Amino acid sequence: MDYGESGPRKGKAMDQLVIHENAALAIVEGVVAKIGSHVEAAEWTAKTRVDCEGKLVTPGLIDPHTHLVFGGSREHEMSLKQKGVPYLEILKQGGGILSTVKATRNASEEELYQKSTFHLTRMLAFGVTTVEAKSGYGLEKETELKQLRVANKLNDNHPVDLVSTFLGAHAVPEEYKNNPEKFLDVMESLLDEIKSENLAQFVDIFCETGVFSIEQSRHFLKKAKAKGFHVKIHADEIDPLGGAELAAELDAISAEHLVGTSEEGIKKLADAKVIACLLPGTCFYLGKSSYAKARKMIEEGVAVTLATDFNPGSCPTENLQLIMTFAAIQLKMTAKEIWNAVTVNAAHAIGLGDERGIIAPLKQADLVLWNATNYEYIPYHFGVNHVQTVIKKGEIVYEEGEQNGE
Ligand SMILES: O=C(O)CC1=NCN=C1
Ligand SMILES: [Zn+2]
């Protein structure tokens, strides 16, 4: 994907932020109209004034990789993880994703909508103003479309904006365990309807040992591209199959996880301008000792973004602020790199980089007012919520102390 000079931040530009001291923002009809000094602002006429004295104000956080819409939960897997049962072994035994598939198939659309609203409002409370939500817990037409409809209904009704990704190729369901190719054909047959009803902007696949091979992933994502979708790929999360190289070959908008990606694969991501979406919370939660090579990616000129990977199995947290700390400690990203990763680069990873992700005239006025005086403080002080106020399209949509957006 080539974005031109206004694209995602990469290389040395990842370690640069535009910081306005003692500034004031004028917002008109949901977009930033002007950035001035607080002295100038005294002369501005305003319907509403928000006092930001001594506070950090940033773009709203953007979470570009979540599995937001799902039924049930998987706390019972914690004891298996503690005994050292690998993630892929739990899946092979019919647990993991497949246990969430059972719960999601059994949940009504309204139940999924209510449950996802709860999680999405918690994300809002953590300062997140735009979210990518994947399907992938249906693995059959009715439930995959149900999940996508829930994500689109949330986008229509909830203050947080959502983009939607079809991840029907998330795992092979029991009924197709001896014929994964046939299963992928069934998922492929949904693409026309998903496109015509605009139920998803992206298509993704879990390219992993015991799930979908490089060849299966290439075939499926090429079909999705031919139908006009931008593609993403869960790549090299556990085993280094070469998902990053495939993402570069297919000109994917982003490649996600990338824990095992080779140096050759990193170079190919840089050359193809594929955004690397790193998920350090998943490595933490799976008890992994190795994390994605973020420093090498940044040095090679790959645009890096960060996400929670919120899902009931490998990373059950809505807290993108905590992921910022993991990025500092485990990925060795600087505070400035982290802030670009959770704002402007995240916006580009979900196709919204032209309209949001930075504070600048004509950009959407999605903002967070923090209980902090500087940008370094948020990744530094972890495990708490630093949000004071969230502003979405110029309107206050959350203030600290509210219980889940009430
Ligand atoms: O385990 C899950 O439910 C989500 C996941 N998909 C691929 N990796 C993690
Ligand atoms: Zn994921």
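Just so we're clear, the structure is a prediction, and the values are computed from it rather than from any experiment. Order of listing sets the numbers, starting from 1, for every ligand and every atom in it.
- Using a 4.0 Å cut-off to heavy atoms of I97, the atoms of ligand 1 that qualify are 1 (O), 2 (C), 3 (O), 6 (N).
- A salt bridge between E337 and R295 is present, with a side-chain N of the basic residue lying under 4.0 Å from a carboxylate O of the acidic one.
- Ionic pairing of E300 and K267 is present here: one or more N-O contacts between side-chain nitrogen and carboxylate oxygen are shorter than 4.0 angstrom.
- Using a 4.0 Å cut-off to heavy atoms of R74, the atoms of ligand 1 that qualify are 1 (O), 2 (C), 3 (O).
- Judged by the shortest distance from any of its heavy atoms, G96 lies outside the 4.0 Å radius around the atoms of ligand 1.
- Between E111 and K115 no salt bridge is recorded (no basic side-chain N to carboxylate O distance below 4.0 Å).
- The pair K141-E193 meets the salt-bridge criterion, since a charged nitrogen lies less than 4.0 angstrom from a carboxylate oxygen.
- Listed by atom number, the atoms of ligand 1 under 4.0 Å from F206 heavy atoms are 7 (C), 8 (N).
- Results of the side chain to side chain contact (heavy atoms under 4.5 Å, CB included) test with H348 over S254, S6, P64, P8 single out P8 as the only residue that passes.
- Using a 4.0 Å cut-off between charged nitrogen and carboxylate oxygen, E175 and R105 count as a salt-bridge pair.
- In this comparison of F70, F310, Y87, the heavy atom closest to atom 5 (C) of ligand 1 sits on Y87.
- With a 4.0 Å cut-off on non-hydrogen atoms, H170 touches ligand 1 through its side chain and not its backbone.
- Within ligand 1, the atoms closer than 4.0 Å to a non-hydrogen atom of Y137 are 2 (C), 3 (O), 4 (C), numbered from 1 in the order shown.
- Using a 4.0 Å cut-off between charged side-chain N and carboxylate O, K392 and E395 make no salt bridge.
- Counting the atoms of ligand 1 from 1 in the order shown, those under 4.0 Å from a heavy atom of E237 are 7 (C), 8 (N).
- The distance from the Zn ion (ligand 2) to the nearest N/O/S atom of C315 is not under 2.8 Å.
- Checked against D309 for a side chain to side chain contact (heavy atoms under 4.5 Å, CB included), the options L279, D63, T317 give a single hit: L279.
- Counting backbone and side-chain atoms alike, D309 contributes an N/O/S atom closer than 2.8 Å to the Zn ion (ligand 2).
- At least one N/O/S atom of H234, whether from backbone or side chain, sits less than 2.8 Å from the Zn ion (ligand 2).
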